[in-house]
Amino acid sequence: MSTDVAATTTSAVEINDVSVRFQSKRTEVTAIQQVSIDVAPGEFVSIVGPSGCGKSTLLKLVSGLLKPSSGTVTLLGEQVRGPRHDIGFVFQRAALLEWRSARRNILLQAEMRGMNSAEAGRRADELIEMTGLSGFENALPHELSGGMQQRVALCRALLHRPRVLLMDEPFGALDALTREQMNVELHRVWRETGTTVLLVTHSIAESVYLANRVIVLTQRPAVVKEVIEVDLPAERDYSATMARPEFASATAHIRDLLGAVTGQD
Amino acid sequence: MDTDRAESRRGVVERTWRPAALLAACLAIWHLITVTGMVEAYLVPSPARTFGLLADKWSYLWGHTWVTTYETVLGFVIAGVLGVLVAVAMVYSRTIESTAYPILLFAQVIPKIAIAPLFVVWLGFGFEPKVIVAVLMAFFPVVISTVTGLKSVDTEMLELAATMGGGPVKTFVKIRFPAALPHLFAGLKVAVTLAVTGAVVGEFVGSNEGLGYVILQANGNMDTPMLFAGLIVISLVGVLLFLLLDLAEKLMLPWHASRRGAAVTTLLAKGGS
Ligand SMILES: Nc1ncnc2c1ncn2[C@@H]1O[C@H](COP(=O)(O)OP(=O)(O)OP(=O)(O)O)[C@@H](O)[C@H]1O
Ligand SMILES: [Mg+2]
């Protein structure tokens, strides 16, 4: 019991023996089976796994948008029982309001929370500057490129300085080059804010470049196949990191794991 | 800036010349039919006679036009407000949705011209029965389009809203309702043209004023020029109300108009290549 309490106070996210079953009229799908993951405060954890294995489901559990069928999820020392407001969420599609400018889309976060508007405005400008959106504050979403839209979504998720950031394939719709730029930016933002990040991605390179740890899930029902500690320096220059032998071995290992997983049936 | 304005002026010309040409062609054909004597003048009056009558009897027609417009707008506004309220209730409550749908559908399929006499019996010859028929005509498209609009919101957007903790009211005001506006406007545009029909149908059934009454009287007197003039004025009322809504939509939803414009341009570019 006492060790439990100690664990919850030291983890930012604690997924404890969680299973999720989806019931429909005809079938019952087990998406996640007895998964346990611990994420330390300030840690960057990537989650990779075959398509449809339950990665999005996992993030929805942490945010409280979905309830586990069994097991418990603890976020910042408090058990998750419904939608949590102390997180930031970024989806694969930017999900912007098309009638609002970039800046006002970011400020939606503040309006919904009833934050002080002057302070929120300052924070928004700071994030716009940090993510290189300056000059596009007043552009409508359809006037922005996919990468810019995703930056707006990231700013919106960071506006209230959440201690935990959940990202579900945030760069999946971007071209390779923009994606690299976004990776570099996300890395810098993470270093500057010290936020705990859970990132779901299909890109093995992205998962390794950004993370302290990469969690590899198996095919559905998802269980944790392996956890890879990324042995790279904290400060990561993009091309220098790509060239490191540790990077190559980590990505090769994950590719092997995923290949083995999908080759099972 | 100046080139922008010139561009938009050219756009207006581009958009209006085709319909204008078609209208002119129709008038020309109408004129030809009457001057060549293909059709007897007492059956189809010439455009010159019709428009001459319009000018002569302008003050007489104006009074009746005002009555019909009043009934139409009142019916349309009531239908719009009620329709949106019912749609919101239906989207937020499954029970209300399943209860209201059959009634709505029933009210929609029942021929308005067949129940209009009943309202005259109940409410007399005043403007009330006409407004009620206009409401009945206009209500359904508003409800259907608003429900569609409110349901069209991205589930991810709603999930995000849940993590932002604004509660249902803020989510509705800031996300759901604005997202439904393009659909709502589409419904309102259909509704306003139906409201005109509703008001005229109401007047047919029993009245002593309004454009429906004018047409009925003209019909009784075999006064085809007046009949044609009445028809033209009714159409003008409908078109004008429609254009007003179109303008309101452009002013209120510039983001939507520009996006639609962009989509059309790309389609045209693709078709042209
Ligand atoms: N609401 C739901 N109802 C029923 N089944 C669901 C629901 N949500 C997800 N599932 C099922 O759970 C499984 C995991 O879904 P999830 O979206 O978490 O996968 P994923 O790993 O994010 O996939 P991808 O990489 O393609 O995004 C899938 O098989 C899916 O069909
Ligand atoms: Mg997913």
Side-chain angles (χ1 to χ4, degrees), chain A residues 56-57 59-67 75 80 82-102 104-115 120 138-144 152-154 156-160 162 164-170, chain B residues 1 4 7 92 94 145-146 148-186 188 248-270:
Chain A
S56 301
T57 306
L59 290 194
K60 284 193 180 159
L61 283 172
V62 175
S63 62
L65 291 170
L66 198 74
K67 287 193 174 65
L75 179 68
V80 177
R84 287 288 288 260
H85 311 152
D86 42 2
I87 53 150
F89 214 134
V90 183
F91 291 109
Q92 175 171 6
R93 287 183 307 123
L96 302 177
L97 299 177
E98 46 188 339
W99 57 91
R100 283 180 171 237
S101 66
R104 290 196 60 233
N105 258 295
I106 297 170
L107 287 172
L108 178 72
Q109 183 78 261
E111 290 171 26
M112 294 293 281
R113 285 167 190 277
M115 285 163 68
N138 297 318
L140 292 173
H142 76 268
E143 298 165 331
L144 297 172
V152 174
L154 179 61
R156 180 181 58 195
L158 290 172
L159 188 83
H160 53 298
V164 175
L165 180 63
L166 307 174
M167 306 181 87
D168 192 356
E169 296 180 46
Chain B
M1 216 49 197
D4 260 18
E7 193 95 320
Y92 279 91
R94 185 135 303 169
S145 62
T146 311
T148 310
L150 290 172
K151 285 187 173 173
S152 73
V153 187
D154 225 6
T155 42
E156 287 187 349
M157 199 61 233
L158 294 177
E159 286 179 336
L160 268 178
T163 70
M164 294 176 179
V169 175
K170 266 189 185 170
T171 305
F172 179 79
V173 171
K174 290 184 188 293
I175 300 170
R176 264 202 131 141
F177 189 68
L181 279 177
H183 283 97
L184 173 55
F185 264 104
L188 288 178
E249 183 187 20
K250 287 213 172 73
L251 292 177
M252 282 175 70
L253 316 176
W255 53 277
H256 187 246
S258 62
R259 247 191 53 146
R260 203 174 37 185
V264 170
T265 328
T266 30
L267 273 181
L268 287 178
K270 269 186 202 146

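Throughout, protein chains are lettered first and strands after them, A, B, ... in sequence-line order, and every chain is numbered starting at 1. Remember, predicted model here, so these are calculated numbers, not experimental data.
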#### Entry: Pairs of heavy atoms under 4.5 Å with chain A: top-ranked of B:Gly165, B:Ala161, B:Gly167
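Option with the top pair count is B:Gly165.
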
Using every non-hydrogen atom in the two residues, find where [X] and [Y] come nearest and quote the distance to one decimal.
X        : Y        : value
A:Met112 : B:Lys170 : O-NZ, 3.5 Å
A:Trp99  : B:Lys174 : CZ2-O, 3.4 Å
A:Pro83  : B:Ala162 : CB-O, 3.9 Å
A:Arg113 : B:Thr163 : NH2-O, 3.1 Å

Less than 4.5 Å to any heavy atom of chain B: does that hold for the side chain of A:Arg93, its backbone, both, or neither?
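Both parts, backbone and side chain.
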
First locate atom NE2 of B:His256, then atom CG of A:Leu140, and finally report the distance between them rounded to the nearest 0.5 Å.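 B:His256 NE2 to A:Leu140 CG: 13.0 Å, rounded to 0.5 Å.
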
Discussion item. Within this structure, what is the CG-CD distance for the pair A:Asp168 and B:Glu156, rounded to the nearest 0.5 Å?
Written reply: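 That separation rounds to 7.5 Å.
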
Practice task
Heavy-atom distances under 4.5 Å only: say whether B:Leu181 touches chain A with side chain, backbone, both or neither.
Solution key: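 It is neither, since no heavy atom gets under 4.5 Å.
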
For a 4.5 angstrom cut-off between non-hydrogen side-chain atoms, does A:Arg156 reach B:Met164?
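Yes; the side chains approach each other to less than 4.5 Å.
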
